[in-house]
K.L.:
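Quick one: this structure, given as structure tokens, is what I'll be asking you about.
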There are 2 protein chains.
Amino acid sequence: MESPRIRRSSEFRQAEIVQAVLALAAESSPADITTARIAAAMNLTQGAVFRHFPTKEAIWLAVAEWIEENLLGAIEEASLSSSEPLAQLRAMFCAHIGFAAAYPGAPRLIFHELQQPGDSAVKRRIRALLASYRGTLLQVLKCAKDGRAAGRELDVEPAATLFIGAIQGLVMQSMLAGGMRGVEEAAEGVFGVYLSGIVGRRT
Amino acid sequence: MESPRIRRSSEFRQAEIVQAVLALAAESSPADITTARIAAAMNLTQGAVFRHFPTKEAIWLAVAEWIEENLLGAIEEASLSSSEPLAQLRAMFCAHIGFAAAYPGAPRLIFHELQQPGDSAVKRRIRALLASYRGTLLQVLKCAKDGRAAGRELDVEPAATLFIGAIQGLVMQSMLAGGMRGVEEAAEGVFGVYLSGIVGRRT
DNA sequence: TAAGCTAGTAATTAATTACTTACTATCGGG
DNA sequence: CCCGATAGTAAGTAATTAATTACTAGCTTA
């Protein structure tokens, strides 16, 4: 059962470590992801991890960068899938939920980093991620308002906060349920209520 | 500056420890709240903490019970403040946000416990708390629907999820902002959008 | 083939963790 | 006024943590 000591490039291992962290975060608190657990998940010794990252902080930073690229990428792509603002919103919502379902560790890592005191490089990166996210969100919401797809009295700032909160609520519910099963269906319902709040009162 | 060794009853210290944990959780991740930090916050030695709680887990449990009593108490009270379902919802929302603003550590502790794997006594308690919360929420939402205050086509389950998510979104935003300043005002706006989603399309 | 770089291991480091133990000071009641 | 109970301290414990060490093995290339 002993592994015959596979050698891989540092680049490969770096990517592997990031994925291992995401996988570990999916089923345990980011706070107790140790370098030993990461190594064990890759069939490596603990010391080997430090051949590819100088410090643990660097690992978290790499994970944050991965999330930034992939989540923002998916959101961007979704926002370009249609010209109708409300359809864009739905696509973005689905993309985000899909991402969270595929990588349940990601939202936890984000939340965990944000509640750390002070500001590390990781935290700054996460903040930038969320600011960018909120930016495109506000843009789409403003479009919807200008194009009369949303209510004239809609306040876009709280609407963006509620959008993000809706996703967090679903993530939390999935943590209660103990898994991501059925989240996509629940997301459908939640987005329906949200959308109703966006379009406002109509005839 | 040396403290003259104040003696307090164990009951008093237990309550003090719970408050210390809540205060510490307000400005750092629950994961790195150590018994040493708790003791330091109370001007006590680390060993003294274990005079009043047999284990650290017992401390978390006591904190969970405190949150359960106080948060659910505030919510319950708010739900009784009116006979109109929508006014009840607003009161519950404000009560929850007020609680989160007064004890910013509380939502973090809840979230942190939920993402722990397996099920501890603490986690079970938190789950019970949230189930109870959701129960009264669903009750009020159903009332609103039956009394035609909410849209006939409203699905109460996602509506409850979105309600909780709305609060989480505000908590997250406050973590980004680095404080609870201005949350109450932001809450106003978010609840407005949420409410619009609940009442649905009207003439 | 020999040299040099790289990715691996195993063992060890200092620091930190929850928790314990032995002892001491203080309080309240007979 | 003393005495038992209790709340405190100081100094430990074993376990775990990130990071470092000395050494080994494999790949490429001159």
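Below, chains carry the letters A, B, ... as their sequence lines are ordered, and counting in each starts from 1. These values consider heavy atoms only, across backbone and side chains, with no hydrogens, waters or symmetry-generated copies.
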K.L.:
Roughly how many Å is it from CD1 in A:Ile17 to C1' in C:dG8, rounded to a whole number?
P.N.:
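Going from A:Ile17 (CD1) to C:dG8 (C1'), I get 13 Å.
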K.L.:
Do the side-chain N or O atoms of A:His52 get closer than 4.0 angstrom to the phosphate oxygens (OP1, OP2) of C:dT6?
P.N.:
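No, outside the criterion.
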K.L.:
What is the ring orientation for B:Phe163 with B:Tyr194, classed by angle as parallel under 30°, tilted 30 to 60°, or perpendicular over 60°?
P.N.:
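Because their plane-to-plane angle is over 60°, the rings of B:Phe163 and B:Tyr194 count as perpendicular.
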K.L.:
C:dA18, OP1 or OP2 - any side-chain N/O from B:Thr35 closer than 4.0 Å?
P.N.:
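Yes, B:Thr35 has a side-chain N/O under 4.0 Å of OP1/OP2 on C:dA18.
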K.L.:
Going by an N to O cut-off under 4.0 Å, is there a salt bridge joining B:Glu157 and B:Arg134?
P.N.:
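The answer is yes: the pair qualifies as a salt bridge.
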K.L.:
Using the benzene-type ring in the case of Trp, are the ring centres of B:Trp66 and B:Tyr103 under 6.0 Å apart?
P.N.:
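Yes: the rings meet the under 6.0 Å criterion.
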K.L.:
Check whether any side-chain N or O of A:Arg13 sits under 4.0 Å from OP1 or OP2 of C:dG8, and answer yes or no.
P.N.:
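Yes.
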K.L.:
For the side chain of A:Arg51, counting heavy atoms from C-beta on, which of D:dA22, D:dA19, D:dT9 is nearest?
P.N.:
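The closest nucleotide is D:dA22.
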K.L.:
To the nearest angstrom, how far is B:Gln46 atom CD from D:dA7 atom P?
P.N.:
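Whole-Å distance recorded here is 18 Å.
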K.L.:
Rounded to whole angstrom units, what separation is found between the CZ atom of B:Phe50 and the C1' atom of C:dA22?
P.N.:
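The distance from CZ of B:Phe50 to C1' of C:dA22 comes to 17 Å, rounded to the nearest Å.
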K.L.:
Whole angstrom is fine here: how far is it from CG in B:Leu44 over to C1' in C:dA25?
P.N.:
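It works out to 14 Å between those atoms.
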K.L.:
Rounded to whole Å, please give me the gap between CZ in B:Arg8 and P in C:dC27.
P.N.:
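Interatomic distance, CZ of B:Arg8 to P of C:dC27: 11 Å.
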K.L.:
So is A:Arg90 actually on top of A:Phe93's ring, under 6.0 Å and inside 45° of the axis?
P.N.:
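No, cation not above the ring by the 6.0 Å, 45° rule.
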K.L.:
Could you state the CZ-C1' distance from B:Phe53 to D:dT6, rounded to the nearest angstrom?
P.N.:
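To the nearest whole Å, that distance equals 17 Å.
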K.L.:
Is B:Thr55 close enough to C:dC19 that one of its side-chain N or O atoms is under 4.0 Å from OP1 or OP2 there?
P.N.:
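Yes, B:Thr55 has a side-chain N/O under 4.0 Å of OP1/OP2 on C:dC19.
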